[in-house]
There are 2 protein chains.
Amino acid sequence: MSDSDLVSLLSTSFQTLIDKLHERLSELGFHDIRPVHGYMIKYIALHDGATGIELADHLGITKQAVSKIVDYLEENDYIQRKPHPTDKRGKIVVLTERGRIVMEAKENILNEIEQHLIDNIGAKRLQMIKDDLASVIRKT
Amino acid sequence: MSDSDLVSLLSTSFQTLIDKLHERLSELGFHDIRPVHGYMIKYIALHDGATGIELADHLGITKQAVSKIVDYLEENDYIQRKPHPTDKRGKIVVLTERGRIVMEAKENILNEIEQHLIDNIGAKRLQMIKDDLASVIRKT
DNA sequence: CATATGTAGTCAATCAAGTTGACTACATAT
DNA sequence: ATATGTAGTCAACTTGATTGACTACATATG
């Protein structure tokens with residue numbers, strides 16, 4: 001194949017899978033969601049709510065940018081701002097029902113994608129790839 | 001690790017390597033280059049020159065966007081526009097000396113990165129990853 | 001061969017998603 | 001009590017792309 005260096009292969013395979021994911025989400029009616037929204041929703045779910053600054057740190061963008069994305073996701077009924085329980089300056093962002101549903105759908109699609117790959121190359125080999133990618137990240 | 005699904009691992013490992021590449025290029029004095037410039041330069045080199053529309057098709061962006069990037073790379077002495085040999089409407093974009101040098105530097109750094117990985121996980125296993133990533137791309 | 005339609009590239013205006021800077025309200029340290 | 005720090009928002013700007021309009025040239029058709 002023409003794309004034969006590792007970096008190109010990583011780029012293309014990531015793009016292929018993320019496109020597949022969002023194509024499927026779109027089919028399920030979630031046409032208004034981008035990858036960054038997924039990362040944000042995942043973080044919120046994992047921590048049972050998050051502040052703007054936590055999200056900014058996690059995503060590596062400014063709190064102002066987070067604020068705009070939160071506006072968007074709130075308008076589209078994926079998340080909701082609530083007053084922070086202890087800090088009156090702050091707010092926490094939590095998932096709505098729709099937010100929980102899209103997150104679950106995303107998990108399911110990612111599992112399907114991995115399952116499809118397991119059918120092709122086997123579970124052991126998929127696990128090896130994952131381990132190796134983790135070591136690429138650790139050792140670079 | 002927290003990033004344990006395949007898509008996240010692909011994203012993070014790609015980002016890690018591309019950051020490493022551009023950090024090294026920057027050390028060599030090529031601070032004025034972004035990933036998209038690398039893709040464009042590679043395509044031009046591979047085809048011994050390219051038209052704007054070929055580049056737009058290859059990169060998946062509009063010809064107007066290509067035109068702006070070509071402006072930038074021409075100002076920074078990586079490439080040069082020449083009249084198209086047969087089509088008087090067209091131009092072809094070719095590499096300058098600096099363009100050839102940066103491309104070679106990029107290839108060398110990518111090879112070093114792969115070599116570093118081979119030292120860690122072995123050549124066979126790297127080849128397996130590459131094969132598997134290629135099949136992710138083909139079969140999705 | 002004349003003419004209609006198509007194509008390569010550029011210019012201009014606009015859009016999208018981020019940034020920096022300034023500000024308010026509240027929190028924390030001295 | 002007061003000074004300094006922090007969470008979030010608003011506004012202005014930047015960057016890298018887009019769409020639309022245009023010019024010059026190419027190609028197909030009557």
Side-chain angles (χ1 to χ4, degrees), chain A residues 11 15 18-19 22 25-26 30-44 47-76 78-95, chain B residues 11 15 18-19 22 25-26 30-44 47-76 78-95:
Chain A
S11 166
Q15 201 55 54
I18 205 93
D19 286 353
H22 284 272
L25 285 173
S26 197
F30 303 113
H31 59 284
D32 51 359
I33 214 125
R34 286 184 300 130
V36 66
H37 302 145
Y39 300 138
M40 186 174 275
I41 286 171
K42 185 176 177 182
Y43 184 92
I44 295 167
H47 296 78
D48 275 313
T51 66
I53 291 201
E54 283 164 9
L55 291 171
D57 288 348
H58 175 65
L59 297 174
I61 57 179
T62 59
K63 59 185 180 167
Q64 294 91 327
V66 166
S67 196
K68 287 186 196 180
I69 298 173
V70 169
D71 285 348
Y72 175 84
L73 288 176
E74 196 166 31
E75 277 160 25
N76 286 275
Y78 290 105
I79 64 181
Q80 201 188 348
R81 283 177 174 95
K82 299 211 163 179
H84 192 283
T86 60
D87 186 337
K88 282 185 191 163
R89 292 169 306 177
K91 300 180 183 175
I92 54 166
V93 180
V94 297
L95 296 190
Chain B
S11 165
Q15 201 55 54
I18 204 92
D19 286 353
H22 284 273
L25 285 174
S26 197
F30 302 113
H31 59 284
D32 51 359
I33 214 126
R34 287 185 300 128
V36 66
H37 302 145
Y39 300 138
M40 185 174 277
I41 286 172
K42 186 176 176 180
Y43 184 92
I44 295 167
H47 295 79
D48 275 313
T51 66
I53 291 200
E54 284 164 8
L55 291 170
D57 287 348
H58 175 65
L59 297 174
I61 58 179
T62 60
K63 59 185 179 166
Q64 294 91 328
V66 166
S67 195
K68 287 188 197 178
I69 299 173
V70 169
D71 285 346
Y72 175 84
L73 288 176
E74 196 166 33
E75 277 161 24
N76 287 273
Y78 289 106
I79 65 181
Q80 201 187 347
R81 284 178 175 93
K82 299 209 164 180
H84 193 284
T86 61
D87 187 337
K88 281 185 191 165
R89 291 169 307 176
K91 301 180 182 176
I92 53 165
V93 180
V94 297
L95 297 190

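Residue numbering restarts at 1 for every chain, and letters A, B, ... go by the order of the sequence lines. Predicted model, so just to flag it, every value in this text is computed and none were measured. Side chains included, hydrogens not; waters and symmetry mates left out as well; all remaining heavy atoms used.
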**Message:** Which is more 5' along DNA chain C, the nucleotide nearest A:G60 or the one nearest A:K88? Just name the residue.
**Reply:**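 Looking at DNA chain C, the more 5' nearest nucleotide goes with A:G60.
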**Prompt:** Considering heavy-atom distances to DNA chain C, does A:D87 or B:G90 have its closest nucleotide positioned more toward the 5' end?
**Reply:**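 Its nucleotide being nearer the 5' end, the pick is B:G90.
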**Prompt:** Checking only heavy atoms, does the side chain of B:Q64 share a donor-acceptor pair with the base of D:dG20 at less than 3.5 Å?
**Reply:**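 Yes.
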**Item:** Donor-acceptor pair present, A:K68 side chain and C:dG18 base, under 3.5 Å
**Value:**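 Pair found.
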Separation of [X] atom [atom1] from [N] atom [atom2], in whole Å?
X     : N      : atom1 : atom2 : result
A:L55 : D:dA7  : CG    : P     : 13 Å
A:E54 : D:dA7  : CD    : P     : 9 Å
A:I79 : D:dG8  : CD1   : P     : 12 Å
B:I69 : D:dT15 : CD1   : P     : 15 Å
B:D32 : D:dG16 : CG    : P     : 13 Å
A:D71 : D:dC10 : CG    : C1'   : 11 Å
A:Y72 : C:dG18 : OH    : C1'   : 16 Å
A:M40 : C:dG18 : CE    : C1'   : 13 Å

It should be established whether [X] places a side-chain nitrogen or oxygen under 4.0 Å from OP1 or OP2 of nucleotide [N].
X     : N      : answer
B:R34 : D:dG16 : yes
A:R89 : D:dT9  : no
B:T51 : C:dA8  : no
A:S67 : D:dG8  : no

**Approximate separation, where rounding is to 0.5 Å, of B:L73 CG and B:R81 CZ** =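 Nearest 0.5 Å value for the CG-CZ distance: 9.5 Å.
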**Request:** Identify the residue among A:F30, A:Y72, A:Y43 that makes a ring-ring contact (aromatic ring centres under 6.0 Å, His included) with A:H37.
**Result:**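 Only one of A:F30, A:Y72, A:Y43 forms a ring-ring contact (aromatic ring centres under 6.0 Å, His included) with A:H37, namely A:Y72.
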**Message:** Just to verify, what does B:D32 make a salt bridge (Lys or Arg N to Asp or Glu O under 4.0 Å) with, not counting sequence neighbours?
**Reply:**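 With neighbours one apart ignored, the set is B:R98.
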**Request:** For the residue pair B:E74 and B:V93, establish whether any side-chain heavy-atom pair is separated by less than 4.5 Å.
**Result:**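 When only atoms from C-beta onward are counted, B:V93 and B:E74 do not touch, as no gap falls below 4.5 Å.
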**Check: A:I61 and A:I69 side chains under 4.5 Å, non-hydrogen atoms** =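 Yes - at least one pair of side-chain heavy atoms lies under 4.5 Å apart.
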**Message:** Any base atoms under 4.0 Å from A:T62, or only sugar-phosphate, or nothing? Heavy atoms, all strands.
**Reply:**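 Base contact - A:T62 has a heavy atom under 4.0 Å of at least one base atom.
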**Request:** Quick one: label B:K63 by what it contacts on the DNA or RNA (base, sugar-phosphate, nothing), any heavy atom closer than 4.0 Å.
**Result:**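 The residue B:K63 makes base contact.
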**Message:** Judged by each residue's nearest nucleotide on DNA chain D, which is more toward the 5′ side, A:R81 or B:I61?
**Reply:**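 Per heavy-atom nearest nucleotide, the more 5' residue is A:R81.
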**Request:** Look only at the side chain of B:N76 and the backbone of B:Y78, and say whether a donor-acceptor pair between them is shorter than 3.5 Å.
**Result:**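 No: the side chain of B:N76 does not pair with the backbone of B:Y78.
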**Asked** Considering all heavy atoms of both residues, which atom of B:P85 and which atom of B:I92 are nearest to each other, and what is their separation?
**Response**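 So the two residues come closest at CD-CD1, 4.3 Å.
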**Prompt:** To the nearest 10 degrees, how far apart in direction are the end axes of the helix from C:dC1-D:dG30 to C:dT30-D:dA1, each fit to five base pairs?
**Reply:**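 Terminal axis comparison yields 20°.
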Can I get a per-line list of side-chain donor-acceptor pairs under 3.5 Å for residues 50-60 of chain B, giving both atom names and the distance, sequence neighbours left out?
{"unit_1": "B:T51", "atom_1": "OG1", "unit_2": "B:E54", "atom_2": "N", "d": "3.2"}
{"unit_1": "B:E54", "atom_1": "OE1", "unit_2": "B:T51", "atom_2": "N", "d": "3.1"}

